[in-house]
Structures are given as structure tokens and as C-alpha cells.
Protein chains: 4
Amino acid sequence: MVRRGRHAGAWKNVVLTQDEQFALKRRALLRQAARAFSEKGYHDTSLTDVAKALGVTKSALYYYVDDKQEILFECHKLSHDFGDQAIEYAEKHGRNGREKISLLVRTYLELLTSELGACAVLLEFNALTPANRKIIGRRRDTFEHYFRKLVQTGIADGSLRKVDPKLTVFFFMGAVNWLTRWFDPSGEHSGEHIAKEFAGLLDAAIRSR
Amino acid sequence: MVRRGRHAGAWKNVVLTQDEQFALKRRALLRQAARAFSEKGYHDTSLTDVAKALGVTKSALYYYVDDKQEILFECHKLSHDFGDQAIEYAEKHGRNGREKISLLVRTYLELLTSELGACAVLLEFNALTPANRKIIGRRRDTFEHYFRKLVQTGIADGSLRKVDPKLTVFFFMGAVNWLTRWFDPSGEHSGEHIAKEFAGLLDAAIRSR
Amino acid sequence: MVRRGRHAGAWKNVVLTQDEQFALKRRALLRQAARAFSEKGYHDTSLTDVAKALGVTKSALYYYVDDKQEILFECHKLSHDFGDQAIEYAEKHGRNGREKISLLVRTYLELLTSELGACAVLLEFNALTPANRKIIGRRRDTFEHYFRKLVQTGIADGSLRKVDPKLTVFFFMGAVNWLTRWFDPSGEHSGEHIAKEFAGLLDAAIRSR
Amino acid sequence: MVRRGRHAGAWKNVVLTQDEQFALKRRALLRQAARAFSEKGYHDTSLTDVAKALGVTKSALYYYVDDKQEILFECHKLSHDFGDQAIEYAEKHGRNGREKISLLVRTYLELLTSELGACAVLLEFNALTPANRKIIGRRRDTFEHYFRKLVQTGIADGSLRKVDPKLTVFFFMGAVNWLTRWFDPSGEHSGEHIAKEFAGLLDAAIRSR
DNA sequence: AATGAATGAGGGTTCATTCAT
DNA sequence: TATGAATGAACCCTCATTCAT
């Protein structure tokens, strides 16, 4: 669903424009849905539930979204945007494989936990439409491929011990995806804390002695 | 579903008794369902799918099972049986926290991958009925609690470095549950190989330097 | 929907009064809707479609019309106005049953094809509200009754052979209504051509030898 | 929806086999739906209506049919089967263009009216899926093309006067399709009577003087 | 021991309609 | 005059479940 253009309007800085309102509400919808998806899974989350949680009718959702599928797709895209950001950051500030991985992992986890829900749908890859699965699959492959490459780099530059890059990435991605099932923003551990701890565990797991 | 009594029947040692037949078929049903559940998720797996894969009608399944829910419940129980076995083994052969954890992890993963599907349903915890969720939840807590305890033991006996036991367990459990989404018995890596590799990664992550 | 009074306003001869504007736009709306109805049917034509074709929002339509039903009703009335005109013309210029029928048919078809869409809704009689169906039904009966009468007259005055008046009228009305599904104003055959051809076919079908 | 094979079973001649039962019920469903379609149109006929008329639940229909669309499609196919039969018959027994057309028209109408409902959906061509529309469209074109050809033949062999073949076919097809909106099997005129009368009208309309 | 047939609840989606602005 | 936003009814369809055979 794409929003049509709209003239800027006066009061620009005081009140929200209609477009901003729209975007805000849409964002809220995605967030709420994503939360439900990661709690109960895509298929077990009814739009009625989502709507009720937002205080509107099911039909109202369709003003902001074409499809239930679009919601899932959008969520996946969002979470991959985080991945891209994390990669960019790691690439810029890390000096060897090991450092880059640590930065990548930590940034990624911080972003994810900061806006959890909007992204915690990684588990629901199979619920994507074949067409969408292709798109998201490509991005996931890119991410994992980059991750693996980093492991290889680290091994090559001596900062990491000789682990299996593929299994290592799976190992870590599991931990991340699982996060979405138990992480509670208002819980005992802050997102930053978890990010740091997980990064530490992974680092210890693969660094060269 | 509990089986009613049935006279033992002659030919006992030659042919399978009816009860054995029943048990065999039921087991096959559970396995097949579990496989489907871990591939596509509980709610996206229809009983028709399962039945077709077994070569029978949907209705036939109800002879072996009361409910779709019962299947899921049973699968969860099975996978926890593996956990219990792994614990028992680790407890018997490990000499300190670190060793026990390694044994636990490795045994658990080997069991899981050997009969994947029967257990790959860990991801579908939320699809359980509240009542069943309570039961399985208790077993899960027991398992994780024991796991955490092991970490604490290891830290105490100096075999492990000072990590957060709770997060560590979550970290690892994520990797395990995720396994069910990508592991392919006929794929590149054998179950044993993965078990060993994962155990190695975890060990490196938490052992004292 | 009836328009409330409105003062005539100055500039009367220069600009369109508000009432004229209103009428113009309403007419455009009816025409556009009718076109869509005859192409896709009443129930498969959404007001959004109609609105989009007119360059406004769905809501805007409700300023000119009370109901979707009102549109259909109005269209039916329009098409019957054409029938009435054709009758009047035929009655004035035809000298016997056969001539009158030929004139009726030809005039009717020329009017219909000239403003096709505004009338091509004959097929959607069943989509009318019971109340409206009664009203339109009466007019339709009047038309068909007059038509049948003409056939009887023609038989009586010897200009037509002895055909079944009722079936003859049905026969021809079918051809007319079907027209709305294939006639293309910008197509191969002009409305006049079709009117002439169809009139010719009917005439040959029923004239006395 | 295709039915799987089934062994013949004893009592073959006494009781209906399951397959026959199935076919019978399916046929009834199609007939009932077709009746509703031609009365109210495809989009305004809800499966609930159809089911209620058959005394079952909406869901039950899905045991016999994959889709609402499949019903429509099947009806169209049925009616074209009648067209094919009529063509075959006309081709065999007619000796020139005029005779063949008369036979075609009469046979076709008799078949249609005998099982009206099962076929009276010609009007709902636009409600077909693009894919199905292609298939049915091809058959319709074939039929109309053959019909036109017959007109040309008749003109060539001198049995028909020089009419426009295309418009003539449209003219007649309109009458036929319209039939489905007013024909009542238990009404004043029998199917045979109508078939004969319509065939007579068309014949008079186009025969050479 | 298994099947065919049917049910009912629930889910996603569309759309005419309303109303405040 | 016209729009954005929301609603509720209706619809198609799926699926776990039941029951007679």
C-alpha cells in the first residue's frame, strides 16, 4: 500500500499533517501486529486480535494495509533494515574480523530489542508468500553471507579460531531469533545488557585463543 | 487418548499384537505430524496434510488421537524425554560443570537430530492449550533450571568463566530451537557433526580461560 | 435525492448556476455508473470504481446520490424514457402495425446506442430493490404490453404474419438487452447501422409474406 | 475438483454407488446454483443461499466443489456441451445453410430449456476468472464462428438472404441468453414450443424470399 | 480400522455507508 | 463540496471435529 502525495499544509510544525498521522497509525499497526506475530505466530494471530488491541475494527486496518501478508512482509523488511544498518556500522568501525562481528552482533541486537515487535518476526519466514519469501530470502541470504564472510575474514586474519562459518552463523541466528520469543522490554534485562552479553558469548565462542 | 484393554491374542511372538500395531501407527502419526509442525508450524499444518502423508484419511487419525492438540502435546513430551535422557547421561558421566554441560548439549542434540521432527516442535510452545502449556512449561522450566544450575556449578568449580546463567541458557536454547528450521537429515552436515560443533561453540563461549 | 431550492443567482446567463452544475455532475455520475454496470454488472461494480473514473472520492458521490441503488434506479428510468420517446415517435409516424414496430425498434435502438450505458442496465433488473423493482417493472410491462399490442395490431391489419406476440417481444427484447454486452460505440458497427440491421431482421421475421 | 476412482461394488444395479450419489448431488448443486445465477447474477448469489436451498450447510458445498468459481465454470462448460451437441446434430441432418441453422437453433434451445439452470448462465461470462474466461471464450467463439459460417453458407447456397452474419448471430444469441431470465419450466410455454417459435422467427428473419 | 459426508466456528477481505472536518 | 477515516454486514473459504457406516 503506497500513500499518495499531499500538500504540506500550514501549521506544519505545530500539528501533525495527515500524512504524518497516517504514517504514525500505520507504524502502530505494524508494531502491534509484529508483537502478536512473535508471541503467537502469524497464523494464530487474527486481525481481529490486532484490531482490538488497537481499539479499532478489523476493517479499519485495511485502510492502512492491503493484506495481512503485507504486514508480515513489512515487518521482515524492517528487521532487515536493522541488519543493514548493523552491517554498515560494523564495516566502518571494526578493524578485523573479530571486532567487526562483535560490533555487528551488538548493534543488531540493540536495534532489534529497541524496537522489538517491529522485527521479531524472523521466525515466521515460512508464512511469507512465495513471492515475498523470495525477496526476503534474498536479503536474509545477503545478511548471512556477509556474516559468514566475516567469520572467514576473522579466521584468515587470525582474530578468530577455526570454526565452521556456516554452522556458527546458524548457531548465532538461532539465539537471535529465539530472543523474540522471550524478550520483554520491560523485563529484568535491558536490551543493551542482552546485546552485550550475547556479543560476549559469541566472541568467546569463536575468538582465537 | 488412552488405549482400552485388549486380550493378548495368540501368535504373540510371531505377529504383532493389536496393541503393538496401534502403538506403531500412533508413533508414525506423531512423527509425521511433528515433521510437518517444525517445517510449517502448528497452525499452518492441516490434519489433511498429515493424513495424506501417511496414506490415510483425516478421519482415520482420530482413531489414534483425540485432538490435534494432543499431537502437539505428545510431541512436546517426547522432546522433553530427550532432555531428561540427556540430563541423566550428563549427570552420570560429567565430572564438573563444564564437562556436564558439554555432555548434556551433545547428547541432547544427537537425540534431537536423530529423531528430528518428533521434537522439533519446541518452537510451537504457544500453540499449546493453556492447560498443556502449564504442564510442558513446567518440564521446560525444569530443564532450563537444571541447565542454569549446571552453569552455576561450573562457575563455582572454576571450570566456567563468570557468565550470566540465565542468558547463557537462552542463548543456547535459541540455537537449538532454530536448528529445527534448517536442519536437514539428508543434508550436508550430519546430526553428530552439528552436535559436536555446537557443543564446541558453547564450550568455548563459557569455559574459563 | 431531491435538490433543495436555491436562489437563482446573478450571472445567470454567463456562468452555470449551482443547480445546473449539480445536475451536470449528477448526470455524469449516472452515465459513468451505468457504463460500468453494463460492462461488469451492478454488484461487481464498486462505487470506488465509479468515483475513480470520475476523479473524485467515493464519499463525494453521496453528495449527488443517496444510494448505490438510487443510481441503478435512475438508470432504469432513463432507459425507459427512451422507450417512451420511441413509442411516441412510432405512434406518430407509423401507418400500420408493421411500420410502427419498425419505427419503434429503430428509434429505440438509436437512442440506446447513442447514450449507451445510461440504459444498458436493463440486464440488471434483478438488482433493483423490491420497491424499485415494482416501479420499473410496471414501466417495463407497459412498454412490452404496448409492443405486444403493436404486434397484434399488425396481425389484425394484415401487415404481419401470425406470430405469438408475447414470444416475439421476448425474442426481440433479448436481442436488445444483449446488445449492451457487446456494443462498442467506437467499434466496427455504428449505432445507426445496428439499429437498421436489427429492425430489418425483426421486420423480416414477422411481416406477412 | 476431480473424483478419485472407486471399486464398483456389488448390488451394482440395485443401489446407487457412492460415486453415483456423489455425482448426483454434485449435479443438483450445479443446477441449483445455476438457477440462482441466472435469476440474480453470479455476484449476488451467495453460497449460503444455494446451500440453504439444498438443505445443507455452506461448508458442505465445498465437499463437491473447490470454489464458487468452479460452479460457474462448470455451468458454462455444460451449456457449451449443449452447443456442441446441437452443432453435431445440425451438421448431420441439415441439407443447406438454412436447414442447418433451423436445426441448430431448435436443438440448442430444446436442450437448454430442458435442463435450464444448468446452462442459463451465459449472461455471467464476465464473472469468470481470466483463466476460465479464456477457455470458455474460446468455446463461445467457436460456437459463434460456426454459426456465422452457417449463415455465410446459407447465403452462398441461396437458402438465406444477404444479411450481416455477425450481427445476425448477435441478434439471435441475445434472444437465447435473455431466455434464461424469463423462461419458467413450469410456465405457460413449454421449452419445445419456445424452441420451435424462436427457430421460426429466426428462419423467417433470414431466409431468402 | 477406516471412510465419506457434513457441520460450525472462525478468519481474511470487500464494500456500501456514515460522519466529522 | 469533497475528503479521510472508520464501521459493520456479508461473503468466501478453511479446517478441526463428528458420526453413521
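So that the names make sense, note that chain A is the first sequence line, chain B the second, and so on, each numbered from 1. Computation of the quantities below employed the complete heavy-atom set of this structure, encompassing side-chain atoms and omitting hydrogens, waters and symmetry-equivalent molecules.
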* **Dot-bracket pairing map - DNA chain E, Watson-Crick plus G-U, both contacts under 3.5 Å, | cross-strand** => .||||||||||||||||||||
* Please list, by residue number, the residues of residues 53-62 of chain D whose heavy atoms come closer than 4.0 Å to an atom of DNA chain F; answer none if no residue qualifies. => D/Lys58, D/Ser59, D/Tyr62
* Is B/Tyr64 near enough to E/dA2 that one of its side-chain N or O atoms lies under 4.0 angstrom from OP1 or OP2? -> yes
* Structure fact -> Between CG of D/Leu29 and P of E/dA5 the distance, given in whole Å, is 13 Å
* Side chain to side chain, B/Asn126 and A/Asp44, heavy atoms closer than 4.5 Å -> no
* Asked: What is the distance, rounded to the nearest whole Å, between atom CD of D/Gln18 and atom P of E/dA6?
  -> 11 Å
* Over how many whole Å does the gap from A/Gln21 atom CD to E/dT21 atom P extend? -> 13 Å
* Asked: What residues, two or more places apart in sequence or in another chain, satisfy salt bridge (charged side-chain N to carboxylate O under 4.0 Å, His left out) together with C/Lys77?
  -> C/Glu74
* Value rounded to 0.5 Å, distance of OG1 in A/Thr129 from NZ in A/Lys68 -> 11.5 Å
* To do: Nearest-nucleotide wise, let me know which of C/Gln69 and B/Lys25 is further upstream toward the 5' end of DNA chain E.
  => B/Lys25
* **Contacts of D/Leu24 that satisfy side-chain contact (heavy atoms from CB on, under 4.5 Å) - sequence neighbours left out** => D/Leu16
* Asked: Taking C-beta and beyond as the side chain, do D/Leu72 and D/Asn132 meet within less than 4.5 Å on heavy atoms?
  -> no
* Structure fact -> Atom OH of D/Tyr63 and atom P of E/dG4 are separated, to the nearest Å, by 6 Å
* Check the distance between E/dT13's C1' and C/His43's NE2 and give it to me in whole angstrom. => 17 Å
* Asked: What residues form a salt bridge (charged side-chain N to carboxylate O under 4.0 Å, His left out) with D/Lys40, not counting sequence neighbours?
  -> D/Asp49
* Asked: Rounded to the nearest Å, what distance is computed from the OH atom of residue B/Tyr42 to the P atom of nucleotide F/dT14?
  -> 19 Å
* Under-4.0 Å salt bridge between A/Arg26 and A/Glu70 -> yes
* Could you check how far CG of D/Asp66 sits from P of F/dC12, rounded to whole Å? => 15 Å
* Asked: Expressed in angstrom and rounded to an integer, what is the separation of A/Leu47 atom CG from F/dT14 atom P?
  -> 17 Å
* Would you call B/Tyr42 and B/Thr45 a side-chain contact if the rule is heavy atoms closer than 4.5 Å? -> no
* What pairs with B/Thr57 under side-chain contact (heavy atoms from CB on, under 4.5 Å), at least two apart in sequence or on another chain? -> B/Ser59
